[in-house]
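One structure below.
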Amino acid sequence: MTHPIPNLENHFSNLGDKFSTAVQATAIANPHWVIRNASLAKDLHLDLFGQQADSFLAAFSGAQALPSSQPLAMVYAGHQFGHYVSQLGDGRGLLLGEIATTKGRFDLHLKGAGPTPYSRMGDGRAVLRSSIREYLAGEALHALGIASTRSLCLTSGELSVWREQQEPAAMLVRVAKSHIRFGSFEYFHHTQQYPQVKQLADFCIEHYYPALANQAADQRYANFFEQVIERTALMIAQWQACGFAHGVMNTDNMSIIGDTFDFGPFGFLDDYDAGFICNHSDHTGRYAFDAQPSIGLWNLHALGQALSSLISEEQIKIGLNHYQPYIIASYSAQMRAKLGWLEAHDEDQTLVSELLQLMQGSKADFCHTFRQLSTVATDDRQHPLRDSFINRDGFDQWLTRYQQRLKKETRTDTERQSAMHAVNPKYILRNYLAQQAISQAEQGDYTELERLATVLSQPFAEQTQYEDYAKPPPDWGKRISVSCSS
Ligand code: AMP
Ligand code: MG
């Protein structure tokens, strides 16, 4: 079905010029589609494949803005690796406008759209390599049920840019309910623009937390902060439970609605290593996998400070005190589901941490181990998974206790196994899979990228024709640490 080109709304732009700068995109010459997300395009009623395809290609490669679009670069600041940077802002991305759908209003954001007043020393561009990674990651997390920005399409054309070498450039259309970051609040707070802090908070409440709108002012902003804390805690608990490392949890990469946001050198765990550092530039492990929950709290402290003209110190403290119990409860619930437990029992936490220790000792594949546990029957004497462990006896002993624990539950093996299959993915975005799709794409062949996107859109399904995509990486593809350059 074809749809006319929709009118974009521009609520954020209406906040005024303290919040953003109007900028037109700089086109990529001779553009073509790299990939289009048919299902998201359908949800948004965007006719990317039919009569309007050329207009969208022109818009999403920066040549000709959509009618009614008022492209703008948002201003923000942020703590990068713990250090405050007083002004950042969209240096290479533009908010094109908002699109109203039956599922609410969504921002369309064009990343890699050329220089803006916030580009600092950068060229305003994004390389194809990192754009593909972001495209795949947003959709992969979404399919796993984890809040994330989505990916509508990628375009490329006659443009290469210099990173460590010449690389093809691309533009990504990112879709999210919000592009407001913790760092957006930090910018206004640290420049003492307190009316703008309030204006931004009111905007967030109106558009993303409308249930708070009618609360008394002395509670409304504190509750806003608490809800951001809850969403952030839930998101990070889900990352921990699926083995996702974000890699650059700077406060400018933290979404005010708790979406996984701004993908850089992220990584999904292959073999389990609690201290996995996916970011090549993260020498101290600030953003290591197991540091993410505490960094989440650190970032929320920074947000609390940025909201201190609206909420009292006491309210900030109360909010922050909720973070730890909330993330622990969320994580425990996720791990219970992964292990097939409906009830909560005293020994659960010990069983989980002993399993993770065994996995760490044997470098067992994170995704594969949990998926395989879904096939355990309560009266199995042994399970083939033992062969993935160096300490086989240790695994056998753990398995016996796990089976005893399972017997406290009322579900049959079959019921439990299918529930476990629905929460333990078979397919994740392994770095080496992304790398294969990127290498082909850099030669102009996007078939592998399409295939991988298709596989990852159903991470829990048995896709028999794609068995290979569920395999742990070959030696060359293990522990790829990704460069920050993008
Ligand atoms: P990121 O590491 O992608 O989260 O970006 C951090 C900041 O640097 C943001 O303000 C970006 O807009 C900016 N930035 C990153 N890469 C570029 C680039 N190639 N050109 C201009 N600005 C950039
Ligand atoms: Mg960023």
Side-chain angles (χ1 to χ4, degrees), residues 19-21 23-26 28 62 71-96 107 109-135 137-138 148-149 151 156 159-174 176 178-188 190-191 232 235 245-267 278-282 286-287 295 299 302-303 482-486:
F19 294 82
S20 62
T21 307
V23 183
Q24 293 295 327
T26 316
I28 293 186
L72 58 85
M74 294 163 80
V75 65
Y76 51 84
H79 280 87
Q80 299 196 314
F81 286 88
H83 301 288
Y84 188 63
V85 182
S86 58
Q87 194 187 309
L88 292 161
D90 289 329
R92 55 172 167 172
L94 298 175
L95 180 64
L96 300 180
D107 290 353
H109 175 101
L110 187 63
K111 188 165 178 179
T116 80
Y118 311 110
S119 296
R120 296 177 293 163
M121 306 296 283
D123 58 7
R125 296 300 187 185
V127 297
L128 178 64
R129 160 178 56 86
S130 64
S131 305
I132 287 177
R133 286 171 50 83
E134 175 151 8
Y135 181 97
S148 172
T149 59
S151 318
S156 187
L159 180 69
S160 55
V161 291
W162 183 262
R163 295 297 181 261
E164 283 90 16
Q165 55 188 2
Q166 286 281 112
E167 292 193 48
M171 290 191 199
L172 163 73
V173 179
R174 183 163 75 184
S178 178
H179 277 74
I180 297 174
R181 308 143 190 261
F182 290 11
S184 314
F185 285 93
E186 289 180 285
Y187 170 77
F188 291 108
H190 292 289
T191 48
T232 306
M235 169 187 77
H246 180 285
V248 204
M249 289 175 72
N250 294 335
T251 55
D252 50 303
N253 292 338
M254 298 294 291
S255 148
I256 204 70
I257 56 170
D259 273 352
T260 313
F261 193 72
D262 254 12
F263 297 90
F266 67 84
C278 58
N279 182 347
H280 189 65
S281 317
D282 184 5
R286 179 179 173 87
Y287 299 139
I295 287 294
N299 289 342
L303 177 64
V482 180
S483 136
C484 233
S485 80
S486 58

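Atoms within a ligand are numbered from 1 in the order they appear, just like the ligands themselves. Quick note: residue numbers are just sequence positions, from 1. Just so it is clear, the values below take in all heavy atoms, side chains as well, and ignore hydrogens, waters and symmetry mates.
- Remark: Asn250 CG to Phe182 CZ distance equals 12.5 Å, nearest 0.5 Å.
- Here the protein heavy atom with the shortest distance to atom 6 (C) of ligand 1 is Gln80 NE2, 3.9 Å.
- Counting heavy atoms closer than 4.0 Å to ligand 1, residue Arg125 contributes backbone atoms (N, CA, C, O) but none from C-beta onward.
- Close contacts between ligand 1 and Leu88 involve ligand atoms 10 (O) [criterion: under 4.0 Å to a heavy atom].
- Here Phe19 and Phe188 bring their ring centres to under 6.0 angstrom of each other.
- A cation-pi contact, defined as under 6.0 Å to the ring centre and within 45° of the axis, links Arg133 to Phe266.
- When Asp262, Asp107, Asp90 are each tested for a side-chain hydrogen bond (donor to acceptor under 3.5 Å, both in side chains) with His179, only one passes: Asp107.
- Proximity of the aromatic rings of His246 and Phe261 is defined here by a centroid distance below 6.0 angstrom, and this criterion is not met.
- Looking only at heavy atoms of the protein, atom 20 (N) of ligand 1 is closest to Gly124 N, 2.8 Å.
- For residue Asn250, no N/O/S atom approaches the Mg ion (ligand 2) to within less than 2.8 Å.
- In terms of protein heavy-atom proximity, atom 19 (N) of ligand 1 is closest to Asp123 OD1, 2.9 Å.
- Side chain to side chain, Ser130 and Arg163 fail the donor-acceptor criterion of an N or O pair below 3.5 Å.
- Closest to the Mg ion (ligand 2) among the N, O or S atoms of Asp262 is OD2.
- Here Arg174 contributes atom CZ and Leu95 contributes atom CG; the two are 10.0 Å apart, rounded to the nearest 0.5 Å.
- Of the protein's heavy atoms, none falls inside 4.0 Å of atom 2 (O) of ligand 1.
- Ring pair His79/Tyr84 is tilted by interplanar angle, where 30° to 60° counts as tilted.
- The side chain of Asp262, and not its backbone, has at least one atom closer than 4.0 Å to an atom of ligand 1 (non-hydrogen atoms only; side chain from C-beta on).
- Residue Arg92 places at least one N or O, backbone or side chain, under 3.5 Å from an N or O of ligand 1.
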As a quick check of understanding, evaluate side-chain contact (heavy atoms from CB on, under 4.5 Å) for Val127 and Val161, giving each step before the final call. CA-CA 7 Å; Val127 297; Val161 291; 3.6 Å; yes
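- Closest to atom 4 (O) of ligand 1 among all protein heavy atoms lies Asn253 OD1, 3.1 Å.
- At a heavy-atom distance under 4.0 Å, only side-chain atoms of Tyr76, from C-beta outward, approach ligand 1.
- Shortest contact from atom 10 (O) of ligand 1 to any protein heavy atom: Gly89 O, 2.7 Å.
- Side-chain contact between Phe263 and Leu172 is absent, with no heavy-atom pair separated by less than 4.5 Å.
- In the vicinity of Arg163, heavy-atom distances shorter than 4.0 Å reach the ligand 1 atoms 19 (N).
- Summary of contacts: the protein heavy atom closest to atom 7 (C) of ligand 1 is Arg120 NH2, 3.3 Å.
- Of the protein's heavy atoms, Gly91 O, 3.2 Å lies nearest to atom 21 (C) of ligand 1.
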